[in-house]
Amino acid sequence: MSAYDHHTIEAKWQRRWAEQGTFRVPNPGEPGFDSSRPKLYVLDMFPYPSGEGLHVGHPLGYIATDIYSRFQRMQGRLVLHPMGFDAFGLPAEQYAVETGVHPRITTERNVATFTRQLRAFGLSYDWDRTFATTDPGYYRWTQWIFLRLFGSWYDPEQGKARPIADLEAELAAGTRLADGRAWDDLTPAERRAYLDGRRLAYLDEVPVNWCPGLGTVLANEEVTREGRSERGDFPVYRRPLRQWMLRITAYAERLLDDLDLVDWPESIKAMQRNWIGRSEGARVLFPVEGRNAVIEVFTTRPDTLFGATYMVLAPEHPLVDSIVPDTWPAETPASWTGGAVAPRQAVDDYRRWAAGRSELERQAEAREKTGVFTGGYALNPASGAPIPVFLADYVLMGYGTGAIMAVPGEDDRDWEFAEVFGLPIIRTVQPPDGWEGKAYTGDGPAINSGFLNGLLVDVAKPRMIAWLEEQGSGQGAVTYKLRDWLFSRQRYWGEPIPILHGPGGELRPLGDDELPLLLPEVEDYRPRTDLADDAEPEPALGRAPEAWKTVVRDGVAYGRELNTMPQWAGSCWYYLRFCDPHNATALVGVEAERYWMAGRGVDLYVGGVEHAVLHLLYARFWHKVLFDLGRVSTPEPFGRLFNQGYILADAFQDERGVYVAAAEVEERAGVHLHRGRPVVRSFGKMGKSLKNSVSPDEIFARYGVDTLRLYEMFMGPLDASKPWTTRDIVGVHRFVLRLWRALVHPETGALLVSEDLPEPELAALTHRTIAAVTADLEGLRFNTAVARFFELNNALVGRERIPRWVAEAFVRLLAPFAPHLCEELWERLGHPGSVALAPWPEYDPALVAEDTVTLVVQVNGKVRDRIVVSAAIGEEEARARALASAKVAPYLQGSAPTRVVVRLPHLVNIVVP
RNA sequence: GCGGGCGUAGCCGAAUUGGCAUAGGCGCCGGACUUAGGAUCCGGUGGGCGCCAGCCCGAUGUGGGUUCGAGUCCCACCGCCCGCACCA
């Protein structure tokens, strides 16, 4: 063989890596484990094995982590670099439903396809550690973690989760009271309810996002702003339902604070902070006039309390019924009543109207304020004034207390509402001179505010909170946007929830020894999507055999939980399982976890920005629970996170606006045609929806894997989104061919290496390349590393023979990027072992620095001359050489410069008037 | 509206702490090999002038500022991308 034949070489080395287990990495205690080598855990966000297969955009991050892993391995680290599959959930099930095949079959088939495609990229995973979240040996432990969540409560005093048995013991011992009552005074049912209400996994009647089109409920995170399902784009309706919830809100503060511990992109941290949505302020109590009721509000502006001229409750607020009087108070304006003869009717009408409004409608109606008067009044605790209580849908039940004090003078929304209903507006902060706007939300001295007058906002807030606390009218408080995690799904293809339902609402967890609770076979696993929009959801497991659904324990008949876990469950902890994937007695062995997760957990985690909130927040939450329970040793799972950008490509739409297959579009004389019809070009993320995917297969066939890997890295910075340009690949391919030709004779196949030492110039360039590539890889700057390879290669072009030292350094530097090519060259250079295990080349810092440098001579900052000087030049000499320059002389005009700035060894700047 | 980020050649993109702007690739131009080239190889490529040596000029979205010196730092603006959005 003489010309570079990528087909043969790639097949040869991929086979050899598999046969020799080149990338297997042992755990502590296993044969071959070398405790002297530092560990590194490099992880990709694992994929859903969809039925469509990969396009060239998918492996971008995988190639990057593979290169990084190979680099670190050659530097002597023990690198954990695994891959697996997130295979439960809607995509797999939807596909199965469409094709009529059991999801297990399609999932297995897709996993096999994905595995084969990933292997074709030459990725150095330790395939012995692979698994899918659908493997019973894996979801056994997902269920096990659920049982820990069910069996734990959050102790606010210790700020951590603890076994619920501890709580029960403290209650039984009398060191703790249950809502002020002694444990002995509670009935067994009350005790159970008390404990169940404190678990991290609990059942609650909550308003859910019910998606009839998918036959399941969805988490808030899975619903788009338009009120549709993220998957499938079906309409979603709000309705109350009894569901499993996970108490992630208990961890809000820690999830927020611990973002400071991790090295993540600032944008992702910002998105998580935004999602958690911490607000500081106060809870304030407003007594309802003439009733034995109190409305509690949350406000971030307690300093404006004197300006609260009305209140608003969310339509669903539970207190509404108890404050509505039988008749309208005297002198109620007609515009407040919604045309109803009595408050009761007005409230009912408004509630019905608000509930029937979709999110989309609310969006479209541009925030025009609507509402209705409840007929009730509350007392402003600061001013003592009675203020009307309204119902309006601009107040959301899900945030704060579902009620607000309205301060139109300092809040835009309240101002708008006050204008619609003709409510009084009292300014309590002095706006700046010349203020012509409406609500003023800025800083300024308090006015119309009694004891606060003259104080700036930051001073007035704590003063008011202190006053409220004195009066018993409120207290300082913190609120979060984050809500508990809705954990039930009515679909089939998910982890069964290992709970039994007994008489009287008893919840009985399965024992750890009963896991895994396997998914039962059902005849029809399809979701019921033909139900009316308001029908009770029917979990798919409701159609499981009776023998599975009913269990007798201690003579009592229990029914199995029929909901399954959501998509995200399996991906919440898979990084832990990779540390010890075959462990049959624990989710991860203590020693393996301590070793691989040491330091900051996963050392590098690479994936798409689309998981910024969902997956990363849920996984952090589970990790912290496991941390509290002593199962893991780090407070955070992912020490360093990196988001790869998207690969973009041209897309084409026909005259109907429908996307057509970009691969079938031809360009003729600047016009794009699809089957002879003109199409319009646009641009976007490569994928199925824009029909602009490029298959790796055609690239493999023509250029080979190594060229594709190099090209994807060369396109630009890893975190940037960048356009795919098939035309550009040829540049990278030429590099591969050129390097091969420089080392292997094109006709004879002889090795073109000399045993001579490189001349100083080439040696210096090689040392500089080693230094630069090493630094680039440490900083994940793959694109500039590739440019360095081109430069070194360009210096080798035209040489009869390449000095062995240069060739061997080059091949090892390039090996992480182009492993097949470099294995072959390494073997031909006479090395029996894999280049993947060869030591990373070292450079001599003394040789990186050049002997001579170009001294730039500037006059007033403009380059006027360049002089080659010794790198060790002194300041005086540099100054003298610069001033002596003939090219500088005209600018000096014989006069002395005002100043000469010398920056050794590169620059002299002469300042003249 | 709030938050995060980005604007450098025809295109993708380089540029430690402020210090030679435009590395590297594509494209383009010229040449070689060739029946052929949309393969491959060699060279050139900011603009202008020039016989290769060389000289002049311009430029990092716009306008200011700091500095001996700004792609880089500061202020204002323009444009684009992403996330959140009636969150009290």
Side-chain angles (χ1 to χ4, degrees), chain A residues 3 225 265-275 277-279 281 297-301 304 308 312 314 362-363 366-369 392-396 398-407 410-414 416-417 441 479-482 609-610 612-613 643 645-646 702 710-711 714-717 719-735 737-738 741 746 772 775 779 781 783-791 793-794 797-798 853-866 887 897-903 906-912:
Chain A
R225 169 173 30 175
E266 205 44 54
S267 59
I268 301 292
K269 289 190 183 185
M271 283 160 76
Q272 293 222 344
R273 289 192 185 105
N274 189 17
W275 190 262
R278 184 182 195 277
S279 292
V297 305
F298 175 76
T299 176
T300 56
R301 292 294 302 274
T304 65
V312 184
R362 290 182 53 163
Q363 176 95 1
R367 298 178 187 179
E368 189 147 320
K369 293 288 179 290
D393 68 352
Y394 84 93
V395 172
L396 311 173
Y399 183 75
T401 62
I404 61 157
M405 63 179 216
V407 187
E410 275 81 33
D411 185 285
D412 293 313
R413 299 154 300 182
D414 296 345
E416 282 174 34
F417 190 86
T441 56
T479 293
Y480 302 91
K481 274 198 277 184
L482 182 70
V609 70
E610 66 272 18
V613 184
N643 296 117
Y646 293 121
R702 184 155 178 200
L710 279 164
Y711 172 65
F714 186 60
M715 291 171 77
D719 56 354
S721 288
K722 49 229 163 208
W724 178 268
T725 318
T726 301
R727 190 180 67 188
D728 288 1
I729 297 174
V730 70
V732 179
H733 189 59
R734 284 179 191 144
F735 157 77
L737 297 178
R738 238 178 255 184
R741 204 166 47 240
R781 294 184 297 269
N783 55 326
T784 51
V786 177
R788 301 286 183 178
F789 294 139
F790 288 168
E791 283 180 290
N793 195 37
N794 288 345
V797 163
V853 296
T854 305
L855 179 72
V856 172
V857 184
Q858 297 180 334
V859 177
N860 289 343
K862 285 202 177 235
V863 180
R864 295 301 177 190
D865 197 9
R866 294 182 174 90
K887 296 197 182 128
T898 34
R899 186 171 167 189
V900 178
V901 180
V902 181
R903 284 283 179 278
H906 284 289
L907 181 128
V908 175
N909 189 13
I910 299 165
V911 186
V912 297

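Because the structure is predicted, anything quoted here is derived from the model rather than measured.
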With a non-hydrogen cut-off below 4.0 angstrom, is [X] in contact with a base, only sugar-phosphate, or nothing?
X	value
A:Val901	base
A:Arg788	nothing
A:Val730	sugar-phosphate
A:Val911	sugar-phosphate
A:Arg899	base
A:Phe714	base
A:Thr898	nothing
A:Arg273	nothing

Choosing from [options], which nucleotide comes nearest the side chain of [X]?
X	options	result
A:Pro723	B:rG25, B:rC12, B:rC26	B:rC12
A:Asn794	B:rA88, B:rA21, B:rG24	B:rG24
A:Arg741	B:rU40, B:rA14, B:rA21	B:rU40
A:Leu396	B:rG24, B:rG19, B:rA88	B:rA88
A:Tyr394	B:rG4, B:rC86, B:rC68	B:rC86
A:Asn909	B:rG13, B:rC68, B:rA88	B:rC68
A:Val797	B:rA88, B:rC42, B:rC68	B:rC42
A:Arg781	B:rA14, B:rA15, B:rC26	B:rA15
A:Pro717	B:rA14, B:rC20, B:rG19	B:rA14
A:Lys481	B:rG24, B:rC84, B:rA88	B:rC84

In whole Å, what separates the [atom1] atom of [N] from that of [M]?
N	M	atom1	answer
B:rG13	B:rA21	C1'	14 Å
B:rC77	B:rG3	P	14 Å
B:rU60	B:rG54	P	26 Å

Using distance alone, with no hydrogens and no angle criterion, decide if A:Arg899 and A:Asn909 have a side-chain donor and acceptor under 3.5 Å apart.
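No.
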As a test of your reading of the structure, name each stem of RNA chain B as range with range, where a stem is three or more consecutive Watson-Crick or G-U pairs at under 3.5 Å.
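Stem list for RNA chain B: B:1-7 with B:78-84, B:10-12 with B:24-26, B:27-32 with B:40-45, B:46-49 with B:54-57, B:61-65 with B:73-77.
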Quick one: does A:Tyr711's side chain get under 4.5 Å of A:Trp724's, heavy atoms only?
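They are in contact (side-chain heavy atoms under 4.5 Å apart), so the answer is yes.
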Using whole Å, report how far NZ of A:Lys722 lies from C1' of B:rC11.
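In whole Å, B:rC11 C1' and A:Lys722 NZ are 16 Å from each other.
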Closest nucleotide of RNA chain B for A:Asn783 versus for A:Thr300: which of these residues is on the 5' side?
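The answer here is A:Asn783.
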Give the ring-plane orientation class for A:Tyr394 versus A:Phe417, where under 30° counts as parallel, over 60° as perpendicular and anything between as tilted.
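Geometry flag for A:Phe417 against A:Tyr394: tilted rings.
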Do other residues, nucleotides or ligands put more than 12 heavy atoms under 6.0 Å from the CZ atom of A:Arg702?
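Check fails, neighbour count at 12 or below.
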Is the phosphate of B:rU40, meaning OP1 or OP2, less than 4.0 Å from a side-chain N or O of A:Arg734?
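Yes, A:Arg734 has a side-chain N/O under 4.0 Å of OP1/OP2 on B:rU40.
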